[in-house]
Each structure stands twice: as structure tokens, then as C-alpha cells.
Amino acid sequence: FLGFSPLTLIPIQQKLIDVDMLLDSEVAWIDDYHQRVWREISPRMEEGEEALAWLKEATQPLKATAAA
């Protein structure tokens, strides 16, 4: 089947997402995408970098963010 592949890997700004308006499948897609961003980008960063801490926070699952 045909689909799209992302050209860039950057987290989606979670504070702009109203989780209550999304289907479970849409939340899962965003969470999967964020896992991919973390998995592919974090190894390229240095431990202790401010950017690494930001990336970790920005790629948290939506459900965890909504609960906070």
C-alpha cells in the first residue's frame, strides 16, 4: 500500500494538540512517531545536552502529557 514517509524527524508540539478530539488510532500514530524521533535522533546527541533533555520531554507519549 502507498503511504507517506516523513522528510524530517522533529517532535510535534504537544501543547497544540487537543487529545480529547483524537481517535485512539491517531494518538497511537503520534506516540509511535515520537518514539521513532527519539530512537533515531537521541543517539546523535551528547549526554547532558540541554537539547537532549528537550527532546526527551517533547517525545513523551500524548496520554502521559495529557495527564500532567
Side-chain angles (χ1 to χ4, degrees):
F1 94 107
L2 297 177
F4 293 98
S5 294
L7 297 175
T8 60
L9 292 173
I10 189 95
I12 298 168
Q13 182 61 261
Q14 294 189 21
K15 68 182 177 182
L16 300 177
I17 299 172
D18 185 352
V19 178
D20 295 331
M21 294 182 70
L22 299 178
L23 300 172
D24 288 342
S25 61
E26 293 167 328
V27 171
W29 183 91
I30 293 170
D31 288 345
D32 290 344
Y33 173 76
H34 281 161
Q35 285 178 358
R36 179 180 177 195
V37 171
W38 175 256
R39 188 176 59 249
E40 294 190 29
I41 302 300
S42 65
R44 300 171 186 259
M45 303 176 118
E46 297 287 328
E47 190 65 40
E49 261 187 65
E50 187 176 330
L52 184 62
W54 172 83
L55 184 66
K56 185 173 184 166
E57 178 67 28
T59 57
Q60 293 299 305
L62 282 178
K63 299 269 186 203
T65 305

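Without hydrogens or angle criteria, E57 side chain to W54 main chain gives no donor-acceptor distance under 3.5 Å. Under the 3.5 Å distance criterion, the side-chain polar atoms of Y33 are left unmatched by any main-chain donor or acceptor of T59. Distance alone, capped at 3.5 Å, is enough to place a donor-acceptor pair between the H34 side chain and the I12 backbone. Between the E40 side chain and the V37 main chain, no donor and acceptor come within less than 3.5 Å of each other. Without hydrogens or angle criteria, Q60 side chain to K56 main chain gives a donor-acceptor distance under 3.5 Å.
Note that the CG atom of L9 and the CZ atom of R39 stand 9.5 Å from one another [nearest 0.5 Å].
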_Using the rule given for side chain to side chain contact (heavy atoms under 4.5 Å, CB included), can you reason through D31 versus V27, listing the C-alpha separation, both sets of side-chain angles and the distance that settles it, and then say yes or no?_
CA-CA 6 Å; D31 288 345; V27 171; 3.7 Å; yes

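When every heavy atom of P61 is checked against every heavy atom of Q14, the shortest pair comes out as O-OE1, 4.1 Å. Shortest non-hydrogen contact noted between L22 and L62 is CD1-CD1, 4.1 Å. Taking both residues in full, the closest heavy atoms of E49 and E46 are given as OE2-N, 2.7 Å, listed atom of the first, atom of the second, then distance. Counting all heavy atoms, side chain and backbone alike, L55 lies closest to P11 at CD1-CG, 3.8 Å.
For D18, the CG atom counts as densely surrounded, since its 6.0 Å shell holds more than 12 non-hydrogen atoms of other residues, nucleotides or ligands. The environment of E50 atom CD is sparse: at most 12 non-hydrogen atoms of other residues, nucleotides or ligands sit within 6.0 angstrom. Within 6.0 Å of CG on L2 lie no more than 12 heavy atoms contributed by other residues, nucleotides or ligands.
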